[in-house]
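The next block holds one structure in the form of structure tokens; read it before the comments.
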Amino acid sequence: FRKQKEWLDLTNSERWSRGVSMDHEKFKKLLKDIKLGKKLPDAIYLHVDAFDEIPGALSKFTQIVANALKVSSWNVAKFSRKEFKLSLLYYPDFYEDSYPALEQAVTVDLKKLEHKVISYKDSENPPILHRKELFVPESHGMYGLFCEITKEGEDVGLYENTRIIGFKETWKNLIEKKGFTLINGRIAKSSGNGSTTTDDKVVDRHKTAIVRHELSAPMKLLAKNGFLNGDYSIFDFGCGRGDDLTELQAHGIDAVGYDPNFYPESEKVVSDIVNLGFVINVIEDRDE
């Protein structure tokens with residue numbers, strides 16, 4: 001992934017004199033005042049068209065961050081509900097595509113004053129977006145259409161397991177397994193001979209991501225054999241809620257991770273050690 005220019009120091013007095021001050025406590029308080037948006041346990045997603053419906057200080061602050069990083073291409077903001085972070089997401093076909101693909105994600109750590117950029121522009125299987133009606137206010141001119149698109153998917157059972165619908169190819173395969181196809185972005189009965197049945201053995205993978213109060217067994221094994229002494233970088237593929245990462249980072253270890261449900265925008269980086277513990281056993285899709 002491309003590295004863009006370093007994070008600009010947002011504490012610069014000249015910049016802040018034109019904006020608003022913000023800290024984690026104020027950030028969390030403002031998020032509680034948001035009445036709309038796609039709300040998940042760890043984050044709130046909003047399209048820029050909904051920014052008139054959220055606290056002015058939050059919308060202004062988001063724009064300040066975008067301007068400071070010179071991020072001009074973004075139309076969806078992701079606000080972390082637990083950490084002092086926000087992401088600027090770009091779905092270029094948000095209006096045109098029923099299930100638009102993510103082209104770029106800029107994730108900003110407001111505590112560390114760092115940011116990272118992930119590009120999906122050349123990806124054959126980028127993350128996609130569903131339930132667009134949740135991202136905009138009900139007064140939006142396309143709100144009714146977005147509701148219709150979502151209802152089409154609900155009526156044929158596409159949202160029964162939300163864990164497996166987050167990527168373009170998986171979504172396409174699920175539609176085909178249900179005996180349907182996409183025509184101009186809308187769901188229609190398939191005229192082919194594809195199976196209309198689905199595998200009953202479906203795993204809600206996100207439910208396997210347990211809360212840990214100590215290192216997982218694979219990490220304990222690494223520690224026992226001297227691999228967590230700080231000499232090696234660690235990448236936790238399928239990190240779940242990130243409890244291992246929190247513990248390792250607290251001890252100064254270079255540890256990062258990715259999880260399709262809890263950390264979908266994390267950058268996958270080459271590391272000395274990659275942990276794939278408790279991952280293969282919860283992937284029920286053979287192709288995946």
Side-chain angles (χ1 to χ4, degrees), residues 34-50 53 74-81 86-105 107 118 120-121 123-138 140-190 198-199 202-207 209 258-266 283-285 287-288:
I34 295 178
K35 306 302 181 184
L36 72 168
K38 184 174 183 180
K39 297 184 177 182
L40 300 179
D42 296 327
I44 300 175
Y45 293 78
L46 283 165
H47 190 273
V48 291
D49 286 351
E53 306 287 332
W74 68 280
N75 51 11
V76 171
K78 173 187 175 183
F79 301 103
S80 174
R81 303 179 82 165
L86 66 82
S87 297
L88 303 171
L89 311 178
Y90 183 44
Y91 296 88
D93 300 317
F94 182 86
Y95 294 119
E96 295 80 11
D97 197 329
S98 297
Y99 311 101
L102 178 62
E103 182 172 296
Q104 178 177 279
T107 300
I118 303 177
Y120 297 95
K121 189 173 184 179
S123 173
E124 295 181 357
N125 189 31
I128 59 173
L129 187 152
H130 305 83
R131 298 186 183 276
K132 293 195 294 182
E133 73 278 3
L134 298 178
F135 291 74
V136 299
E138 293 185 12
H140 193 280
M142 300 186 74
Y143 178 82
L145 174 62
F146 294 164
C147 289
E148 290 179 14
I149 292 172
T150 295
K151 190 174 187 306
E152 287 178 353
E154 291 177 335
D155 289 345
V156 298
L158 295 179
Y159 294 98
E160 292 173 352
N161 183 6
T162 56
R163 170 59 192 83
I164 64 173
I165 65 174
F167 291 84
K168 184 176 181 179
E169 288 302 312
T170 312
W171 180 244
K172 178 182 176 182
N173 291 338
L174 177 61
I175 292 173
E176 291 176 353
K177 287 180 180 179
K178 292 285 187 179
F180 293 85
T181 188
L182 285 176
I183 299 178
N184 295 325
R186 305 301 292 267
I187 295 171
K189 190 68 176 177
S190 175
T198 58
D199 186 356
V202 175
V203 179
D204 288 330
R205 302 178 201 171
H206 65 283
K207 294 181 180 179
Y258 165 82
D259 187 273
N261 188 72
F262 296 96
Y263 292 88
E265 294 153 17
S266 295
I283 298 179
E284 75 287 354
D285 187 301
D287 293 335
E288 182 180 350

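By convention here, the first residue in the shown sequence is residue 1. From a predicted model like this one, the values you see are computed outputs, not experimental measurements.
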Between atom [atom1] of [X] and atom [atom2] of [Y], what is the distance when rounded to the nearest 0.5 Å?
X	Y	atom1	atom2	result
Lys178	Lys189	NZ	NZ	10.5 Å
Lys121	Tyr90	NZ	OH	9.0 Å
Ile175	Leu182	CD1	CG	3.5 Å
Phe180	Glu152	CZ	CD	10.0 Å
Ile149	His130	CD1	NE2	11.5 Å
Ile34	Phe79	CD1	CZ	5.5 Å

TODO: Taking side chain to side chain contact (heavy atoms under 4.5 Å, CB included) as the test, write out the residues that go with Lys78, two or more places apart.
DONE: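 Once residues adjacent in sequence are excluded, the partners of Lys78 under the side chain to side chain contact (heavy atoms under 4.5 Å, CB included) criterion are Ala43, Tyr45, Ser87, Leu89, Pro264, Glu265.
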
Only distances under 3.5 Å count here; give the side-chain donor-acceptor pairs of residues 91-100 to other protein atoms, sequence neighbours excluded, each with its distance to 0.1 Å.
| residue | atom | partner | partner atom | Å |
| --- | --- | --- | --- | --- |
| Tyr95 | OH | Asp49 | OD2 | 2.1 |
| Asp97 | OD1 | Tyr99 | N | 3.0 |
| Ser98 | OG | Gly185 | O | 2.7 |

Provide the closest heavy-atom pair for [X] versus [Y] in the form atom of the first, atom of the second, distance.
X	Y	value
Lys168	Glu124	CD-O, 4.3 Å
Tyr120	Pro126	CB-CB, 4.1 Å
Val136	Ala50	CA-CB, 4.3 Å

Does the side chain of [X] reach to within under 4.5 Å of the side chain of [Y], using non-hydrogen atoms?
X	Y	result
Lys172	Glu176	yes
Glu148	Arg186	yes
Lys132	His140	no
Leu174	Ile165	yes
Leu158	Ile187	yes

- [ ] Take Leu46 and Leu36, measure what side chain to side chain contact (heavy atoms under 4.5 Å, CB included) needs, and give me the verdict at the end.
- [x] CA-CA 8 Å; Leu46 283 165; Leu36 72 168; 3.8 Å; yes

- [ ] Enumerate the residue pairs fulfilling salt bridge (charged side-chain N to carboxylate O under 4.0 Å, His left out) with a member in residues 36-47, sequence neighbours excluded, ordered by first and then second residue.
- [x] Asp42-Lys82

TODO: In plain terms, say whether Glu53 and Lys35 are close enough for a salt bridge, that is, a side-chain N and a carboxylate O under 4.0 Å apart.
DONE: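 Salt bridge absent between Glu53 and Lys35.
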
Open item on the list: Can you confirm whether more than 12 heavy atoms, excluding those of Asn184, are under 6.0 Å from its CG atom?
Closed with: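 At most 12 heavy atoms, drawn from other residues, nucleotides or ligands, come within 6.0 Å of this atom.
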
